[in-house]
Number of protein chains: 2
Amino acid sequence: MQLLSFKERVLIFLAERDAFTNSLKMTTPMLSKYLGTSQQSASRLLIQLEKEGFIERRIVGRTSYVKITEKGLSQLREVYLSLKAIFERPVNITLEGRVFTGLGEGAYYISLPGYAKQIEEKLGFRAYPGTLNISLLSRDSIENRHLLQRLAPIEIHGFRDEKRTYGGAKAIKAVLNDTEDVAILFVERTQYDNSVLEVIAEPYLRGKLGLKDGDKVKLTVVIPPSTFFENFTKTKAPAQPPVT
Amino acid sequence: MQLLSFKERVLIFLAERDAFTNSLKMTTPMLSKYLGTSQQSASRLLIQLEKEGFIERRIVGRTSYVKITEKGLSQLREVYLSLKAIFERPVNITLEGRVFTGLGEGAYYISLPGYAKQIEEKLGFRAYPGTLNISLLSRDSIENRHLLQRLAPIEIHGFRDEKRTYGGAKAIKAVLNDTEDVAILFVERTQYDNSVLEVIAEPYLRGKLGLKDGDKVKLTVVIPPSTFFENFTKTKAPAQPPVT
DNA sequence: ATTACTATTTCCCGAGTAA
DNA sequence: TTTACTCGGGAAATAGTAA
């Protein structure tokens, strides 16, 4: 049930209270209450941590004081550094799929000034009129597609003319086959299901890369750690009381 | 012996390998080898982690793939954030002691141009000619004195004239009784033992604060987290093989 | 109050093994 | 090859209690 070990929780408890420079007054009953364990276990824990050199205890009169040692703090910091390496590193998201020929609508939409102008402004390139359709292969790729749709930061707004309305889309920059700068387009009203990706770029990708239907391609997206983890790891909502 | 729990180690193992966006191929024998435990325990671990919703497993053919769930990553991130709060926060070091009258040498030394000039340059104030001597009270304060001596960033160099040599010192800025900007001086060749602090400041502190011998005073030093933890937590040296 | 011993129970680990 | 079951032994947690 509990992810952290008792030892870790004690060291974190102490470190949070600056107990590496200021000895902390502490009793085994209060520690046991904090940890949700028995007084006996709290006692044993402190004895063990002391034996392992992670903490120091000193009894003054009838109150005892606890302090983390350099060794204890180092251990905790090593855990911190390994977690930091995980959570402060850009996240690489990879999608794999095969090229296929769609309905050819992409070309029409992208050449509409209502879209073309936004694409040029927000993505920084004049898109070749046409989308490269990719049918995703693995479950991971499909799940990552959902993730990217959530994270896509570029909004392409819908608009309307005399005849009809044109839906909006979201986009995110990516790299195709480790070389080509492209953007993945998440179209609001699409005729494709979510195992399909639509990619746009400045050059005619099929031509430039010699891609044919069925060819395997790889898309890579790099997300800054802050963006990724703040979106992906939602702190659990406080328990909702059932409606009566 | 081991600070982290098995569950934590598995989640870190997976997170380090990007197994939140890319399912990781993994067998129980290889996990057990990595953890230093049995194959049976590795199997049980994965079953439990899955039951708790921290990981997802999928068997494709005869190979199984493991992925951290959002919940699992959130849990790990919560641990990270609580450690980050510890290791990315300025460290307050407090020393308590009582004022006492020393040998009066401080006044002489501080007024020597060889010292006075350096103090003004490096500390940014003209020191009142005299030191406030503080006899430290608690064991923590004495230990913190050693710590500060190690961390003191300002070097006051020794020098010599025709008659004799004058030793060097280190200094660090501090706050006395929450109000006065002062500096603690760690003199190389001092006649005091290490339960004594010498403090200098621009004003005549005894006068300004109405301090008499025996009065309790508090010194506070704020250390940036990087400085503190990089000095205080030395990564343990690799085990040295015994000489044969 | 405390802390920490001993006894009992509970839980975890790994050997053996089936699928 | 895998994974994961049962089961026996041992470690860890709690209860009871002394100091």
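Below, chain A is the first sequence line, B the second, and so on; all start at residue 1. Every value quoted in this text rests on a predicted model; they were computed, and no experiment measured them.
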Between the side chains of A:Glu56 and B:Arg139, is the shortest nitrogen-to-carboxylate-oxygen separation below 4.0 Å, so that they form an ion pair? no
Using a heavy-atom cut-off of 4.0 Å across all strands, would you classify B:Ser43 as base, sugar-phosphate, or nothing? base
Taking only N and O in the side chain of B:Arg57, is any of them less than 4.0 Å away from OP1 or OP2 of D:dA4? yes
To the nearest angstrom, how far is A:Ile59 atom CD1 from D:dA19 atom P? 18 Å
Would you mind checking if A:Arg150 and B:Glu70 are paired as a salt bridge, meaning a charged N to carboxylate O distance below 4.0 Å? yes
Under a 3.5 Å threshold, yes or no: a donor from one side chain and an acceptor from the other, between B:Gln39 and B:Thr28? yes
Charged N to carboxylate O below 4.0 Å: is that the case for B:Asp193 and B:Arg145? no
Axis bend over the full length of the helix from C:dT2-D:dA19 to C:dA19-D:dT2, computed from five pairs that close each end, to 10 degrees: 40°
Any base atoms under 4.0 Å from B:Ile47, or only sugar-phosphate, or nothing? Heavy atoms, all strands. sugar-phosphate
Can you check whether A:Glu198's main-chain N or O pairs, donor with acceptor, with A:Asn133's side chain at less than 3.5 Å? no
Can you tell me how the ring of B:Phe87 sits relative to the ring of B:Phe229, calling it parallel under 30°, perpendicular over 60° and tilted otherwise? perpendicular
Candidate pair A:Ser23 and B:Asp140, rule side-chain hydrogen bond (donor to acceptor under 3.5 Å, both in side chains), full reasoning: CA-CA 7 Å; A:Ser23 297; B:Asp140 276 354; 2.8 Å; yes
Indicate for each nucleotide in nucleotides 10-15 of chain D, in 5' to 3' sequence, whether protein heavy atoms under 4.0 Å reach the base (B), only the sugar-phosphate (S), or nothing (-). ---BBB
So what does B:Met30 hit on the nucleic acid, given a heavy-atom distance under 4.0 Å: a base, only sugar-phosphate, or nothing? nothing
Qualifying residues under salt bridge (Lys or Arg N to Asp or Glu O under 4.0 Å), relative to B:Lys173, sequence neighbours excluded: none
